[in-house]
Participant: 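This is the structure, below, for whatever I ask next.
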Amino acid sequence: EAGVVQSPRYKIIEKKQPVAFWCNPISGHNTLYWYRQNLGQGPELLIRYENEEAVDDSQLPKDRFSAERLKGVDSTLKIQPAELGDSAVYLCASSLDLLAEQYFGPGTRLTVT
Amino acid sequence: GQQVMQIPQYQHVQEGEDFTTYCNSSTTLSNIQWYKQRPGGHPVFLIQLVKSGEVKKQKRLTFQFGEAKKNSSLHITATQTTDVGTYFCAGRRTSGTYKYIFGTGTRLKVLA
């Protein structure tokens, strides 16, 4: 069975440019998470979806970040405009439900110059 | 807000020595998960603890959940070079959005 797929794996952009990340969760997983991980730190939740509904986006900087999960499957996370402080690894994870283990994708390493 | 701290931040051990990382929450947790992240990799699920005082074992790894469900530990017996990585705990809140809060992580290096 395929794991969580993310693309791109790496992205380098200049500040003020837009960027988008894509995530395809494991088939049948209702819960989808987007995390941001800075170097040497643990993953920080940005947004969590239960099917197509965003149930926790309290840590998402809504002035520049947006996310969607159409049809409750794939998800896209967008940053517009990017700032230098957005440089990090963006991880997508999915699970059967909130109580189940989370399966992480390989992440997208974003560098903003 | 709720915080989950882990100690130590770093640990270097000789191969064959034991290793323990501790996870402490400022509030009571519903359940706790443990993950391992190899250098350059992504977090991989190890185990989940739900019950107060629960102890689970996976080969050389022993996981404990405190009686008050506010702390947890991971103990590795006789470390091997394959144990290298960062170990994270993730505690789930008992209220609000029930989200998981990841700990600060313990980075383990094993010297052959």
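All chains are named by letter (A, B, ...) in the order of the sequence lines, taking the proteins before the strands, and each is independently numbered beginning at 1.
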Participant: Heavy-atom cut-off 4.5 Å, strictly under: side chain, backbone, both or neither for A:Glu101 against chain B?
Facilitator: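 Contact with chain B involves both backbone and side-chain atoms of A:Glu101.
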Participant: So what's closer than 4.5 Å to chain B heavy atoms on A:Tyr33: side chain, backbone, both or neither?
Facilitator: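 It is the side chain, since no backbone atom gets that close.
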Participant: Taking everything shown except A:Lys71 itself, do over 12 heavy atoms lie less than 6.0 Å from its NZ?
Facilitator: no
Participant: What distance separates B:His42 NE2 from A:Cys92 SG, expressed to the nearest 0.5 Å?
Facilitator: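 Going from the NE2 atom of B:His42 to the SG atom of A:Cys92 covers 11.5 Å.
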Participant: I'd like to know whether NZ of A:Lys11 has more than 12 heavy-atom contacts from other residues, nucleotides or ligands below 6.0 angstrom.
Facilitator: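 At most 12 heavy atoms, drawn from other residues, nucleotides or ligands, come within 6.0 Å of this atom.
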Participant: Compare all side-chain heavy atoms of A:Gln37 with those of B:Gln37 and state whether any distance is below 4.5 angstrom.
Facilitator: yes
Participant: According to a hydrophobic-cluster definition based on side-chain heavy atoms being under 4.5 Å apart (Ile, Leu, Val, Met, Phe, Trp, Tyr only), do B:Leu108 and B:Val84 belong together?
Facilitator: yes
Participant: Quick one: do A:Val89 and A:Ile47 end up in the same hydrophobic cluster if we chain Ile, Leu, Val, Met, Phe, Trp and Tyr together by side-chain heavy atoms under 4.5 Å apart?
Facilitator: no
Participant: Which bit of A:Ala100 comes within less than 4.5 Å of chain B, counting heavy atoms only: side chain, backbone, both or neither?
Facilitator: backbone
Participant: Using a heavy-atom cutoff of under 4.5 Å, enumerate the residues of residues 106-113 of chain A that contact chain B, numbered in order, or state 'none'.
Facilitator: A:Pro106
Participant: Heavy-atom count around B:Lys56 NZ within 6.0 Å, excluding the residue itself: above 12?
Facilitator: yes
Participant: Determine yes or no for a side-chain-to-main-chain donor-acceptor pair under 3.5 angstrom, with A:Glu44 supplying the side chain and B:Ile101 the backbone.
Facilitator: no
Participant: Less than 4.5 Å apart, any side-chain heavy atom of A:Gln102 and any of B:Pro43?
Facilitator: no
Participant: Is it true that, when you exclude B:Phe63 itself, more than 12 heavy atoms of the residues, nucleotides or ligands shown sit nearer than 6.0 Å to its CZ?
Facilitator: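 Enclosed: over 12 neighbouring heavy atoms sit under 6.0 Å from CZ of B:Phe63.
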Participant: Would a single hydrophobic cluster contain both A:Leu32 and A:Ile26, if residues Ile, Leu, Val, Met, Phe, Trp and Tyr are joined by side-chain heavy-atom contacts under 4.5 Å?
Facilitator: no
Participant: If you count the non-hydrogen atoms of other residues, nucleotides and ligands that lie under 6.0 Å from CG in A:Leu84, is the total more than 12?
Facilitator: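 Counting neighbours around CG of A:Leu84, more than 12 heavy atoms of other residues, nucleotides or ligands fall under 6.0 Å, so yes.
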Participant: Answer with side chain, backbone, both or neither: which region of A:Glu50 has an atom nearer than 4.5 Å to a non-hydrogen atom of chain B?
Facilitator: neither
Participant: Any chance CD of A:Glu14 has more than 12 other-residue heavy atoms, nucleotides or ligands included, within less than 6.0 Å?
Facilitator: no
Participant: Indicate, with yes or no, if B:Phe19 and B:Tyr22 share a hydrophobic cluster defined by side-chain heavy-atom contacts under 4.5 Å among Ile, Leu, Val, Met, Phe, Trp and Tyr.
Facilitator: no
Participant: Quick one: does any side-chain atom of B:Gln48 pair with a main-chain N or O of A:Leu99 as donor and acceptor, under 3.5 Å?
Facilitator: yes
Participant: Starting from the C-alpha separation in whole Å, work towards a yes-or-no answer on ring-ring contact (aromatic ring centres under 6.0 Å, His included) for A:Phe104 and B:Phe45.
Facilitator: CA-CA 9 Å; A:Phe104 283 82; B:Phe45 175 80; over 10 Å; no
Participant: Quick one: does A:Leu98's side chain get under 4.5 Å of B:Tyr100's, heavy atoms only?
Facilitator: yes
Participant: Answer with yes or no whether the hydrophobic clustering places A:Tyr35 together with A:Phe21; edges join I, L, V, M, F, W, Y residues whose side-chain heavy atoms lie under 4.5 Å apart.
Facilitator: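 A:Tyr35 and A:Phe21: separate clusters.
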Participant: For the CG atom on A:Leu96, are there more than 12 heavy atoms of other groups (residues, nucleotides or ligands in this structure) within a distance under 6.0 Å?
Facilitator: yes
Participant: Taking all non-hydrogen atoms of both residues into account, name the closest pair between B:Phe102 and A:Pro43 and its distance.
Facilitator: CB-O, 3.3 Å
